[in-house]
Amino acid sequence: MAIDCDYTIEGEGQALFLIHGIGARRTGFAKIADHLKEHFLCISYDLRGHGESPIPEGRFGLNDLVDDLEALRSKLGIECAHFAGHSLGGMIGPAYARRFPDRVQSLGLLSTAAFRTEDDSAKVKGLGVMLREQGISAVLNTMTARWFTDEFGAARPDVIARRAQQVLDTPPEIFMNVFDIYAGTEMGPWLHEITAPALVITGELDGGCNPRLNRLIADALPNSELVILDGLKHAITLEAPDRVATHMLRFLTKHSAGGEAKTPAAVR
């Protein structure tokens with residue numbers, strides 16, 4: 001059963017759903033939305049079990065997260081929209097587009113992964129073992145070091161502390177559930193089915209969602225463009241929102257001609 005996720009709406013124009021990743025919050029897209037809301041209706045939401053959204057009973061999978069997104073779209077009365085997601089959100093968006101192709105005007109895949117080798121899969125699953133054996137809080141510094149560059153950590157410790165607190169505030173069973181979805185999802189076999197225009201962005205120094213995998217993602221998508229952001233790791237939406245938003249605005253504007261231009265009555 002779909003969860004009624006809590007959401008925020010900013011701006012006006014064609015709708016853009018923004019989908020966050022593991023243990024994050026919709027606020028992670030706030031600075032990007034600041035750049036886009038003059039041109040697009042930016043809809044960010046907390047995934048089930050995160051932030052202000054209800055905590056579900058029992059385990060859930062990628063299809064359930066797609067169900068939640070579809071329920072939100074339907075609730076808002078939006079017929080067709082742009083979708084962009086970071087990390088796990090970059091898997092939810094394509095999975096949604098595969099099931100509801102007529103609802104999707106374009107996709108943004110930000111810092112996500114597909115076409116993992118056996119070694120790639122072993123590394124991400126090994127992190128899952130560490131999280132279970134040592135506890136999320138004990139592994140948190142290891143994760144944030146993978147997400148942010150050292151330079152950003154020295155300059156903006158407040159941002160990293162806020163992101164770390166989001167992880168700690170996420171119920172452990174929810175965090176591990178979404179981590180397992182991220183670790184176990186392989187989009188490679190079906191990405192070629194996604195016909196919507198797609199913008200693929202990752203950081204040059206991202207370990208788990210590296211340029212090698214993102215080049216394969218872009219090659220598999222029939223209508224895509226790839227951007228590798230030099231000097232960045234995983235948390236591109238927090239460390240470099242201006243750079244990400246610049247590429248998103250250009251791409252979204254390019255693929256918005258002839259779409260639904262007015263804000264739906266349900267969200268006015």
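We use all heavy atoms of the structure for the numbers below, so side chains are in, but hydrogens, waters and symmetry mates are not. Position 1 is the first residue of the sequence; numbering continues from there.
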Minimum side-chain heavy-atom gap I78-F17 below 4.5 Å: yes
Contact list for residues 60-69, test salt bridge (Lys or Arg N to Asp or Glu O under 4.0 Å), sequence neighbours left out: R48-D68, D67-R99
F100 vs L69, side chain to side chain contact (heavy atoms under 4.5 Å, CB included): CA-CA, chis, key distance, verdict: CA-CA 11 Å; F100 303 104; L69 179 53; over 6 Å; no
With E70 via salt bridge (charged side-chain N to carboxylate O under 4.0 Å, His left out) - residues at least two apart: R73
Atom pair CD1 (I228) and CZ (R212), whose distance is rounded to the nearest 0.5 Å: 12.0 Å
Which atom of G90 lies closest to which atom of T112, heavy atoms considered: C-OG1, 3.7 Å
Pairwise side-chain contact, E225 with K254, heavy-atom cut-off 4.5 Å (strictly under): yes
Between NE2 on residue H247 and CG on residue L252, distance to nearest 0.5 Å: 12.5 Å
Minimum heavy-atom distance between L109 and I217, given as atom pair plus value: CD2-CG2, 3.9 Å
Near-ring test H20/H50, centroid separation under 6.0 angstrom: yes
Within-4.5 Å side-chain heavy-atom neighbours: L18 and F83: no
Residues which pass side chain to side chain donor-acceptor pair (under 3.5 Å) with T170, listed by chain and number, not counting sequence neighbours: R25
Partners meeting salt bridge (charged side-chain N to carboxylate O under 4.0 Å, His left out) with D169 (sequence neighbours left out): none
Please list every donor-acceptor pair under 3.5 Å in which a side-chain atom of residues 191-204 meets a protein atom from a residue at least two apart or in another chain.
from : atom 1 : to   : atom 2 : distance (Å)
H192 : ND1    : P189 : O      : 3.4
E193 : OE1    : R98  : NE     : 3.0
T202 : OG1    : C209 : O      : 2.5
E204 : OE1    : G231 : N      : 2.7

pair H35-L249: side-chain heavy atoms closer than 4.5 Å: no
Aromatic ring pairing F179/F175, orientation class (parallel under 30°, perpendicular over 60°, tilted between): parallel
Expected output: side-chain S53 to main-chain G49 donor-acceptor under 3.5 Å: no
S87: partners by side chain to side chain donor-acceptor pair (under 3.5 Å), with sequence neighbours left out: H234
Expected output: side-chain D120 to main-chain T117 donor-acceptor under 3.5 Å: yes
Run the side-chain donor-acceptor check on residues 40-47: report pairs under 3.5 Å with partners two or more places apart or on a different chain.
from : atom 1 : to  : atom 2 : distance (Å)
D46  : OD1    : R26 : N      : 2.9
D46  : OD2    : R26 : NH1    : 3.2
D46  : OD2    : E52 : N      : 2.9

Distance, nearest 0.5 Å, that separates CE of M176 from CD1 of I22: 9.0 Å
Side chain to side chain contact (heavy atoms under 4.5 Å, CB included) between N177 and E173, intermediate numbers included: CA-CA 6 Å; N177 194 151; E173 67 277 11; over 6 Å; no
Nearest heavy-atom neighbours spanning P241 and L238: CD-O, 3.5 Å
Cluster overlap L205 with L110, hydrophobic side-chain contacts below 4.5 Å: no
Exercise: identify the closest heavy-atom pair between A84 and F29: O-CZ, 4.3 Å
Common cluster, I3/Y7, ILVMFWY with side-chain heavy-atom separation under 4.5 Å: no
Pairs meeting criterion side-chain hydrogen bond (donor to acceptor under 3.5 Å, both in side chains) with involvement of residues 128-150, two or more places apart: R132-D180, T149-E239
Interatomic distance, D206 atom CG to L232 atom CG [nearest 0.5 angstrom]: 9.5 Å
From OG1 (T185) to CG (L62), nearest 0.5 Å: 4.5 Å
Side chain to side chain donor-acceptor pair (under 3.5 Å) partners of R116, counting only residues at least two apart: none
Step-by-step side chain to side chain contact (heavy atoms under 4.5 Å, CB included) determination, M130 to I136: CA-CA 8 Å; M130 286 178 59; I136 295 169; over 6 Å; no
Partners meeting salt bridge (charged side-chain N to carboxylate O under 4.0 Å, His left out) with R243 (sequence neighbours left out): D230
Residue pair S256 / H39, side-chain donor-acceptor N/O under 3.5 Å: no
From CA spacing to verdict: side chain to side chain contact (heavy atoms under 4.5 Å, CB included), L65, Y96: CA-CA 9 Å; L65 298 176; Y96 181 91; over 6 Å; no
4.5 Å side-chain heavy-atom contact, I55 and P171: yes
Q105 side chain to H255 side chain, donor-acceptor N/O pair below 3.5 angstrom: no
Residues that K123 engages under salt bridge (charged side-chain N to carboxylate O under 4.0 Å, His left out), provided they are two or more places apart: D119
Non-neighbouring partners of D4 that pass side chain to side chain donor-acceptor pair (under 3.5 Å), sequence neighbours left out: K75
Where A113 and L213 come nearest, the two heavy atoms and their spacing: CB-CD1, 4.2 Å
Any V167 side-chain heavy atom under 4.5 Å of L140 side chain: yes
Minimum-distance pair of heavy atoms, taken over all atoms of G153 and I160: CA-CD1, 3.3 Å
Gap between atom CG of L72 and atom SG of C5 - 0.5 Å precision: 7.0 Å
Same apolar cluster: F60 and L131, side chain cutoff 4.5 Å: yes
Main-chain N/O of F115 paired with E186 side-chain donor or acceptor, under 3.5 Å: yes
